[in-house]
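Heads up: the structure comes next, in structure tokens.
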Amino acid sequence: MSALAMEKEQLNTVVLRPVLGVPRTYYVVMAVLLGLVVLAFVAWVNQLMNGLAVTGMWDRVSWGLYITNFVFFIGISHAGTLISAILRVTQAGWRRPITRMAEVITAVALLTGAAMPVVDLGRPDRIPNLILHGQIGSPIVWDLISVTTYLTASLIYLYTPMIPDLARCRDRLRGLVPYPQWKVYDILSLGWQNTPEQRRRLSRALNIMMILIIPIAVSVHTVVSWIFAMTLRAGWDSTIFGPYFVVGAIFSGTAAIITAMAVFRRIFHLEQYITIKQFRLLGYLLGALAAIYLYFTLAEYLTTGYKLEEGEKPLLEELMLGRFAPFFWSFAIGGTLIPLFLVFFPRTQTVPWIVAASVLVNIGMWLKRFVIVIPSMGVPLMPYEWATYHPSWVEVSITVGAFAGFMLLFALFARLFPIVSIWEVEEMLEEGGEEAAEQPRPVAAPAFSFAEGGEGGA
Amino acid sequence: MPRMTARLFNALAVVALASLVLSPLTGAWAAPASMRQMAQVMVAAGAPLASAPVELTFEVTYKGFNGQKGTVIPVSVGQDVKLTFVWADKAVPDNSHRILIKGYNVRTPLLTPENPQATITFVADKAGTFEVACDWRCEGHENIQAVLRVTGEGAAAGATTATAITLKTATNDEARSMTFTATLRDTDGSPLANAVLLFYLEKELAGYKGQAEIGSASTDKDGVAVIEFAPSVHGLQKGGVRFEGLGRYASAETKFEVNTEHLRNFTVAPKGLEPVRQWAPVVLFMVVVGVWLTIGYVVFNILAIPRGRRSSRNPGGLAG
């Protein structure tokens with residue numbers, strides 16, 4: 001057996017190992033996540049039975065944690081667009097071991113995010129009214145169209161490059177996994193035999209999707225931002241909200257994929273395929289996006305702060321110095337400045353620090369969405385006091401459940417399907433050259449350690 | 001009883017004047033001198049008190065009317081009122097004034113050292129208290145205030161004379177603006193002077209229709225009021241000229257339509273987004289359909305994969 005064949009075999013073994021079996025801790029984690037999801041479901045049923053009165057929202061603050069979560073999850077769904085589509089279009093070879101994860105994040109985050117407005121509606125039975133009586137001039141209808149399109153496109157974009165790997169599961173795992181699971185591989189692989197005609201069809205579909213999904217993703221977060229920017233409210237009445245949100249989405253999506261990479265790299269022992277190179281290059285992207293996002297933030301708040309229009313003034317005071325200052329400055333410093341330093345400072349260009357930066361970005365960007373949504377709703381439009389908002393246990397439970405559901409779906413996917421695109425990494429190995437040379441050769445029983453990863457490893 | 005007598009007399013007087021094809025006889029509307037003489041003759045012949053004209057003269061300074069603030073001018077409903085204002089602000093030589101009687105909507109021209117005197121004449125046809133004040137930004141502005149107190153009931157009711165407005169529009173030199181020339185006449189064709197004409201455009205904002213004032217002007221002795229109109233929007237403009245009515249004169253209104261396509265040098269977006277807006281849903285629909293058709297083509301290719309099974313195998317490329 002040639003060295004290349006051995007490498008391929010090792011790749012298949014490592015990547016398909018989770019499909020064959022996982023340690024007991026996996027089930028423990030799944031049980032905890034499932035418990036949180038069930039708790040959220042109970043809270044939602046409570047809300048359905050008693051109405052939105054069980055939340056902290058009221059007539060003046062009608063958007064709370066649900067819409068914050070919606071914007072956050074739609075944001076991190078851009079991971080797939082950036083890592084997979086853009087890097088695929090630009091033929092960045094180092095993307096190959098992580099494209100699948102990015103695409104899964106996109107699909108799972110979209111499913112979770114799309115559920116949030118449904119929860120926020122209070123009366124899900126009225127959702128058909130959006131279609132039956134929707135006004136084309138309403139940003140809510142635009143949102144419905146764009147999110148639906150993006151969800152469909154991202155599911156197709158996740159599925160299309162999976163077909164060869166599903167065929168591999170069909171061929172290799174027969175008798176090794178329960179029959180229903182194998183049957184799923186059989187059906188979903190669409191009879192893939194790697195014939196020229198099949199490759200032509202698959203390539204065509206993939207080439208179209210990787211280009212098409214980019215403008216769709218941009219449109220989605222632009223439209224999400226327009227839900228705010230099309231209103232004459234202090235803090236939302238902005239012309240740069242479209243690009244501001246898109247950059248923010250790609251920023252948080254990049255952070256999400258770095259975090260996911262670290263988790264799966266450790267759990268599934270993927271150190272030889274997901275190396276310091278992926279972390280460092282994604283770290284650079286994260287840093288660049290942090291700088292761009294900081295620039296947008298400065299442009300947004302400096303221009304409004306310089307004019308201090310009526311309404312904007314009290315809002316900025318609350319954001320910068322008042323009740324929301326801890327959230328705002330946590331985002332500004334902890335969510336952008338510190339990660340920017342971590343990913344560009346040579347001594348912190350290690351896996352643990354880059355992962356720490358990505359976690360900080362994730363937390364910071366959630367806080368950013370919170371300070372976008374809540375304070376603007378509290379600004380009095382009439383000579384009243386500020387409207388206050390305190391999330392109830394129902395909203396907190398559903399929020400925790402949403403994050404748990406996101407992780408649960410992700411973990412479930414990783415248990416059932418190859419989390420690394422085997423055929424793409426094989427292509428990388430076959431091509432050899434610089435890209436492949438930078439990947440470490442397979443070694444027996446690779447073990448992950450943050451210290452080791454931090455040394456470089458590439 | 002005296003009130004009824006006054007009403008009867010007024011009615012008879014109007015009928016008599018109308019039969020002589022004469023306009024209502026006040027100097028305010030620049031009626032011919034012969035008519036004013038006729039009215040004065042009638043008053044002199046012993047008209048009831050309610051119809052006796054009130055003629056007053058005020059010197060206007062920064063201290064107020066005749067040097068004081070808060071003068072009260074008592075009149076009765078139906079009386080002819082003739083108020084003469086004389087600029088006397090010698091202590092503040094560059095001070096100017098323009099006196100407005102709110103509620104009656106009559107005002108003097110600007111009083112300056114060069115144009116020191118003006119008279120406004122009207123019929124006190126509605127009871128109430130009306131502010132007489134300067135509406136020009138001037139020194140001592142807050143002092144130049146008086147009150148016209150009209151008591152009694154509407155003796156002039158039913159005695160109004162119809163009016164009509166004719167309008168001419170012209171494009172100015174270099175096609176930068178338009179001039180609207182409106183002429184106000186009564187039913188006899190006599191011009192009415194010192195009447196304020198309001199020019200407006202019919203506008204719609206957020207579903208609400210209304211009249212947006214584009215200017216107002218007082219008629220001259222020939223009953224002519226002129227404004228210059230520099231539109232900010234291209235296309236067909238609908239609007240009107242309105243006279244609110246005054247004393248014995250009924251209100252009048254004339255609608256107009258002008259096309260401003262030929263004008264140029266606008267200071268704002270010439271056409272607005274109206275021509276584009278109607279296509280926005282169509283464009284959105286086409287984009288969405290285009291995206292979904294592309295997705296459909298992708299799905300078609302994916303579903304065609306099973307049909308390629310019988311072709312020759314190739315281990316290269318997409319590994320299987």
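In what follows, chains carry the letters A, B, and so on, assigned in the order in which the sequence lines appear, proteins first and then strands, with residues in each chain numbered from 1. Every heavy atom of this structure was used, including side-chain atoms; hydrogens, water molecules and symmetry mates were not.
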task: Could you tell me which portion of I163(A) (side chain, backbone, both or neither) has an atom closer than 4.5 angstrom to a non-hydrogen atom of chain B?
output: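 Answer is side chain: those atoms of I163(A) sit under 4.5 Å from chain B.
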field: Interface moiety of V288(B) toward chain A, non-hydrogen atoms closer than 4.5 Å
entry: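 For V288(B), the side chain is the part near chain A, not the backbone.
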If I take atom [atom1] from residue [X] and atom [atom2] from residue [Y], how far apart are they, to the nearest 0.5 angstrom?
X: I208(A); Y: I295(B); atom1: CD1; atom2: CD1; answer: 11.0 Å
X: L202(A); Y: I302(B); atom1: CG; atom2: CD1; answer: 7.5 Å
X: R201(A); Y: L303(B); atom1: CZ; atom2: CG; answer: 10.0 Å

Would you say [atom1] of [X] has more than 12 non-hydrogen atoms from neighbouring residues, nucleotides or ligands within 6.0 angstrom?
X: W136(B); atom1: CH2; answer: no
X: R200(A); atom1: CZ; answer: yes
X: K255(B); atom1: NZ; answer: yes
X: F228(A); atom1: CZ; answer: yes

task: Would you check if E197(A) and R307(B) make a side-chain contact, meaning some heavy-atom pair closer than 4.5 Å?
output: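 The answer is no; the side chains never approach within 4.5 Å.
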message: Let's test your reading of the structure: which of L206(A), I422(A), L190(A) forms the most heavy-atom pairs below 4.5 Å with chain B?
response: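 When all of L206(A), I422(A), L190(A) are compared, L190(A) has the most.
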field: Most chain B-contacting option - heavy-atom pairs closer than 4.5 Å, from P161(A), A205(A), S189(A)
entry: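 Sorted descending by pairs with chain B, the first entry is A205(A).
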field: chain B neighbours within residues 210-224 of chain A, where any heavy atom lies under 4.5 Å away
entry: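 Under the 4.5 Å heavy-atom cut-off, L212(A), I216(A) qualify.
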message: Quick check on the structure: residues of residues 127-152 of chain A within a heavy-atom distance below 4.5 Å of chain B, by number.
response: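 Interface residues of residues 127-152 of chain A: I136(A), W142(A), I145(A), T148(A), T149(A), T152(A).
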message: If you apply the rule side-chain contact (heavy atoms from CB on, under 4.5 Å), what do you find for R204(A) with F300(B), and how did you get there?
response: CA-CA 11 Å; R204(A) 185 180 293 169; F300(B) 167 76; over 6 Å; no
